[in-house]
Structure formats: structure tokens, C-alpha cells
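Please read the structure below before turning to the comments.
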Number of protein chains: 2
Amino acid sequence: MSALEVSKSLQTIDTSSLVDKVERKLIDLLISKDFKVGDSIPKELELADLLGVSRTVVREALTRLKTLGLIETKKKRGAVLTNPDLTGLLEKSLYPEIMDKNTLREIFEMRLALEIGMADFIMERVTPKDIEDLKAIVAHEPAIADQHLFQIEQEIKFHGKLYEISGNQVLKRFQQMLLPVFDYVHRSGLLKKMPKTKKFVSHRGLVEIIENGSAEMLRNAMRNHLENHFARIFE
Amino acid sequence: MSALEVSKSLQTIDTSSLVDKVERKLIDLLISKDFKVGDSIPKELELADLLGVSRTVVREALTRLKTLGLIETKKKRGAVLTNPDLTGLLEKSLYPEIMDKNTLREIFEMRLALEIGMADFIMERVTPKDIEDLKAIVAHEPAIADQHLFQIEQEIKFHGKLYEISGNQVLKRFQQMLLPVFDYVHRSGLLKKMPKTKKFVSHRGLVEIIENGSAEMLRNAMRNHLENHFARIFE
DNA sequence: AAATTGTATTATGTATTACATAATGCACAA
DNA sequence: TTGTGCATTATGTAATACATAATACAATTT
């Protein structure tokens, strides 16, 4: 037999550990729809018995599900199915210090896309109260954005409010979660230096548009407002 | 003492388990920057010894880190630090069947925002080859989008290609990952019925713009193209 | 000498047992 | 009825033993 024929006739062997298999089984069990959020699943010992493995293995598989946020465990009560908290999960594994540079840059890009793309949700859901809040936030800013881009806290406050207005919790928490990433990206020299700052749409300008303009206008204004960031990525 | 005074003098008790604490310690250890991706961390027994807990606890904490994608373990070699795969992680916990309705809707919204917001990246990075590919994909579509919105595979192919053009892996994998969610949302009756279909920008129209237009035009066209989805969310 | 095979070592993976601890329900007493 | 205490139960922690895979290194062969 040639080497090729050998490699053909030898299919890859399943190297998954016992825990892997048990984890899979458990997830299948959960998905099988007989279980709804809040239901408690069989006890560790029952599962161990049922699956013919030790409690150790079952526990390790359950630990994984717990880490993924699929279940929660309580003493005496056992494990109950929960709806997973995506953002919470990401948050737990998002350590800029140990992420590779490229992923960091891509996350940075994703934020820009989101801020522009959520214009419709902002315009649809903004309330008069929100407008007031925004005005209060930008009260002390100059009418034209320039070096102000560097005042991080102000940035966070303003854009955070926008996410809030979007009425989308996932988005909002996404932003919260990505803040450390932005901070890190800025400080790490990952991007090129901030280019000569031209005059762009300011926070005030954005508020004005949110109050009186359209989603389309807001998208364009936001794109312009973020020009500095785009410039650092492109070029 | 008044109830207020009592609640003041009684600080909340730390209910975190041993494993919780060990997990925290381990993460701190990793972050402390002495460790880089690829480095292996101390052996389970060493850690158990060092922290004064049993190997069981250490293992459970390590299992969590493994699940989060922060480390990988191999026999003999021990555990090595890895850069976490965010999308892979999300994928593992993303089961539409057990997620609550509201989160599903919000994720759906996020996709819309992303597709509109990534226009700049598409326009910046699209190649002639990409244009060819897009044209091939839409070759058999009518010039005006109507019921065609329902042809799921075509939708996936086209928009998937757009994500690819964006040159952002995180975005692309995000889309891959969210596909089951969209499918589920559509079928589950979570959103209102698809409204009377008007004529919107077709895939062909989008290609035309990508070839000859601007980022701004693409944003608007994409917004229009997605009108049906927006209409189902708003109203 | 180079390459392959065998072997010892080592660290993780799996199993078993024992006990601690917290939550729950029930019985009992004030 | 209310509250306290107790028994029960299932998870949390610990210790120990052995299995298994990866690695390095010695032994063997060419």
C-alpha cells in the first residue's frame, strides 16, 4: 500500500475524552426541548449512573456547562437550566493582555461598524428625556470636535448613552465589555498614531441630528465623527 | 440599632467557593504578564501545593479556564496559555432553543447594525475578484428584490461573501455563528409576519454600488435592502 | 553516525471513597 | 401560627490510586 492509500484507509481516530463525550450528551439532553429554562436536570450521581461513568467525569462536564452559562448549580437543589448570558461569558474570557493583536484590531473595527449601524435603532427609540441627557453630557464641549477626541471619559459617557438609547441590552453590554479593549488598543501602539486632527462632527453635532435629523443623517455624521479612528485603521 | 445601621455594619459576606478564588488567582497569575501565549503554567500538583488546596479544586478551576479558552492542557506537557477564541466560545454557548426571546431579538438587531456599519470596510477592502464573485452569486437573481428575500441559502451566500470582503475574521465568524439564530428567529414566530413586500434594493443593486459607488451609498442601500427586517422589528 | 524502536518518566485523565456544607422540608414546641 | 431545630439530600472539597498519553532518552539496528 502506498502512503496515500494508507492515509485514506485510516480514518482519524476519535481522541475526545470521556468528559467531552459526556458534555456532548448533556447538551443534547438539554436541547432536546423537554427541558425549559428553570428546570433542574438529574443529579450528578444519577447522571453518572445513567451514563456509566464516575461522578468525577460528570462533575467536570457540568463544570464546563456552568462556565458556559448553560446551567447553574445549587446545593441540594441540583443544576438548573439557565439562559446563557452571552456578554457575561465573553467578558470572562476577554483579557486584552493575552489576546493577539489582530483580533484586538478586528474587535476595534467591529465597534466602529456597530456605532454607525445602530443609527436606526437610536432614531427609532430616542425619547425627549434622552435628548436632554445628551445635551447635559455635551454641555461643556466645544462645538467642533478636535483634540477632544482624547478625553476618554467624555467619550465613554456620550457613546455609552447612545448605546443605552439603542434599547438593545446586548449592544450596550457589548460596549461595556469592549471598553477595556479600546483602551488597550489605544495605549498599546497597535494602531498608527492619531493623524493630524481635522475638524469633524462633534458630539454636539450628533445630538443636533438625533433631535432633528434622520437615521441616514446620523449614520453619515457618525461615520464622520469616527473619521480619526478609521484613518488610523486604513491608510 | 436601626435596620439601616445594621445593614451598614454588616458587610456582605464572601460566598464564593474555593474554586472561585482559585480561578481568580490563576487568572491574575496569567495576566501578570510574566506569561505569554505558549508558555506553560505550573503543574496541577504544584498549584495545589502552592495555593494550599487539593488537586481537585485546582483541576476544576483549570477546567473553567479551559472552557473559556484561556488555556489548553496536554498530558505530560501541562497547561499552556492560549489566546482565547471569542467567537468559538460564543458558539459553544449559543443555543437558540434555550435562549430567551428578548436576547434573540437583540442579536437579530445587532446583525442588522453590523451589516450596515461595515460598509466602509467593504469599500476599503473589496477587490476586483470579489466583485466577480458577487456577480456570479447574484447572476440568477431578478433585478428587483421581492419574495426573493425568502430564499435563505442565497441570502447566506451573498451576505456571507460581504462579511468575507470586510476582511474581518471576527465579523465573519460572528455571522457564521449567528446564522442559526436568524433561522430560529424567522421560524419561531418571534417577529411579526413579513409585511407586504415592497420593492427594495436587490443584491444586484448592492453589487452595483460596491463596484461603482461609495461607502455612504452602500450604507443607505443596505439599510434599504434590510427594510423588511427593520419593518418587522419596529412598527 | 543516523534513524528507528523500546522504555522510563511525568503530568493529566478517570475512578473511588469519604466527609463538609448549604438548602430544603418537616416535626415539634412556644 | 410562628419559629426553631433536626434530618435529609445534593453539591463542594479532599485524598488516593491507577490509567493513559506525551516526552526524553537509551538501546538497537542499519
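Naming convention: chains lettered A, B, ... in sequence-line order (proteins, then strands); numbering from 1 in each chain.
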Which comes earlier along DNA chain C counting from the 5' end, the contact point of A/R55 or that of A/G52, where each point is its nearest nucleotide?
A/G52
By nearest heavy atom, map A/D20 and A/K75 onto DNA chain C; which one lands nearer the 5' end?
A/D20
Side-chain N or O of [X] less than 4.0 angstrom from OP1 or OP2 on [N]?
| X | N | result |
| --- | --- | --- |
| A/K21 | C/dT14 | no |
| B/K76 | C/dA8 | no |
| A/R59 | D/dG12 | yes |
| B/R77 | C/dT12 | no |

Ion pair A/E23/B/K66, N-O distance below 4.0 Å:
no
With a sphere of 6.0 Å drawn around NZ of A/K43, does it hold more than 12 non-hydrogen atoms of other residues, nucleotides or ligands?
yes
What's the closest nucleotide to the [X] side chain, out of [options]?
| X | options | result |
| --- | --- | --- |
| A/K43 | D/dA14, D/dT11, D/dT20 | D/dT11 |
| A/T73 | D/dA14, D/dT11, C/dG13 | D/dT11 |
| A/T56 | D/dA14, C/dA15, D/dT9 | C/dA15 |
| B/L18 | C/dG13, D/dG12, D/dA14 | D/dA14 |

Could you tell me how far apart [X] ([atom1]) and [N] ([atom2]) are, to the nearest whole angstrom?
| X | N | atom1 | atom2 | answer |
| --- | --- | --- | --- | --- |
| B/R64 | D/dG12 | CZ | C1' | 11 Å |
| A/D49 | C/dT16 | CG | C1' | 14 Å |
| B/I41 | C/dT12 | CD1 | P | 9 Å |
| A/K66 | D/dA10 | NZ | C1' | 12 Å |
| A/E72 | D/dA10 | CD | C1' | 16 Å |
| A/K74 | D/dT9 | NZ | C1' | 16 Å |
| B/L45 | C/dT12 | CG | P | 7 Å |
| B/E60 | C/dT14 | CD | P | 14 Å |

Only one of A/T73, A/I41, A/L70 clears side chain to side chain contact (heavy atoms under 4.5 Å, CB included) with A/L62; which?
A/I41
B/F230 vs A/F121 aromatic rings, parallel, tilted or perpendicular, using cut-offs 30° and 60°?
tilted
Please evaluate residues A/E91 and A/Q176 with respect to the criterion side-chain contact (heavy atoms from CB on, under 4.5 Å), reporting the C-alpha separation (whole Å), side-chain torsions for both, the decisive distance (0.1 Å), and the verdict.
CA-CA 9 Å; A/E91 206 163 1; A/Q176 293 274 340; 5.6 Å; no
